[in-house]
Amino acid sequence: MSLDPATVRRIAKLARIRLDDDEVPRLEGELNAILGYVEQLSEVDVDGVQPLSGGAQMAMRLREDVVNDGDYPERVLANAPDRIGNFFAVPKVVE
């Protein structure tokens with residue numbers, strides 16, 4: 001499918017896009033390229049592929065929820081301004 005300048009002007013009017021006469025050929029080429037790509041997509045073989053309306057229909061792979069400290073407290077606390085053992089030391093804020 002190929003668009004002519006009159007169709008490009010009509011599309012621009014429907015989209016409420018102000019279009020000067022010197023912009024029509026550029027937009028015509030861009031729209032024809034988009035339509036060419038859509039035509040390529042229609043050639044893809046999708047036999048046996050179930051339609052998917054969203055990710056909600058997919059089963060999510062979950063990892064085990066395990067609490068750990070990462071096994072590298074020295075690297076975590078390397079830039080701490082103050083520390084007590086393997087913990088951040090913070091000033092007392094409530095008396």
Side-chain angles (χ1 to χ4, degrees):
M1 179 177 189
S2 181
L3 300 176
D4 59 350
T7 306
V8 172
R9 285 188 184 91
R10 178 157 166 70
I11 292 170
K13 182 179 178 186
L14 291 172
R16 297 179 187 231
I17 298 172
R18 185 176 303 146
L19 197 62
D20 295 331
D21 288 337
D22 58 334
E23 294 175 313
V24 172
R26 180 184 57 84
L27 190 59
E28 181 181 352
E30 290 177 7
L31 289 173
N32 282 328
I34 292 169
L35 291 175
Y37 181 69
V38 171
E39 286 178 7
Q40 285 180 354
L41 289 177
S42 67
E43 297 172 3
V44 174
D45 181 25
V46 292
D47 291 337
V49 177
Q50 294 294 323
L52 182 66
S53 62
Q57 298 170 346
M58 298 172 64
M60 218 168 144
R61 293 180 288 173
L62 302 175
R63 62 173 171 79
E64 284 191 39
D65 191 11
V66 178
V67 177
N68 64 29
D69 63 356
D71 288 333
Y72 43 88
E74 290 302 320
R75 287 184 11 205
V76 171
L77 295 168
N79 292 326
D82 193 14
R83 60 188 272 190
I84 300 172
N86 286 337
F87 301 99
F88 289 94
V90 295
K92 185 177 179 180
V93 291
V94 179
E95 294 189 31

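No hydrogens, no waters, no symmetry mates; every other heavy atom, side chains included, goes into these values.
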(message) Please find the pair of heavy atoms, one from Phe88 and one from Val76, that lie closest to each other, and give the distance.
(response) CZ-O, 4.2 Å

(request) Measure across Leu19 and Val24 and return the closest heavy-atom pair with its distance rounded to 0.1 Å. (result) CD2-CG2, 3.9 Å

I need the [X] [atom1] to [Y] [atom2] distance, nearest 0.5 Å.
X     : Y     : atom1 : atom2 : value
Glu74 : Arg83 : CD    : CZ    : 4.5 Å
Asp21 : Glu23 : CG    : CD    : 9.5 Å
Ile17 : Arg9  : CD1   : CZ    : 14.0 Å
Leu14 : Arg10 : CG    : CZ    : 4.5 Å

(message) Tell me if the CG atom of Asn79 is crowded by more than 12 foreign heavy atoms within 6.0 Å.
(response) no

(request) Decide if atom CD1 of Ile84 counts as having more than 12 heavy atoms of other residues, nucleotides or ligands within a radius under 6.0 Å. (result) no

(message) Quick one: does any side-chain atom of Asp20 pair with a main-chain N or O of Asp22 as donor and acceptor, under 3.5 Å?
(response) no

(message) Could you check whether any side-chain N or O of Asn32 sits under 3.5 Å from a backbone N or O of Leu3, counting only pairs where one atom can act as donor and the other as acceptor?
(response) yes

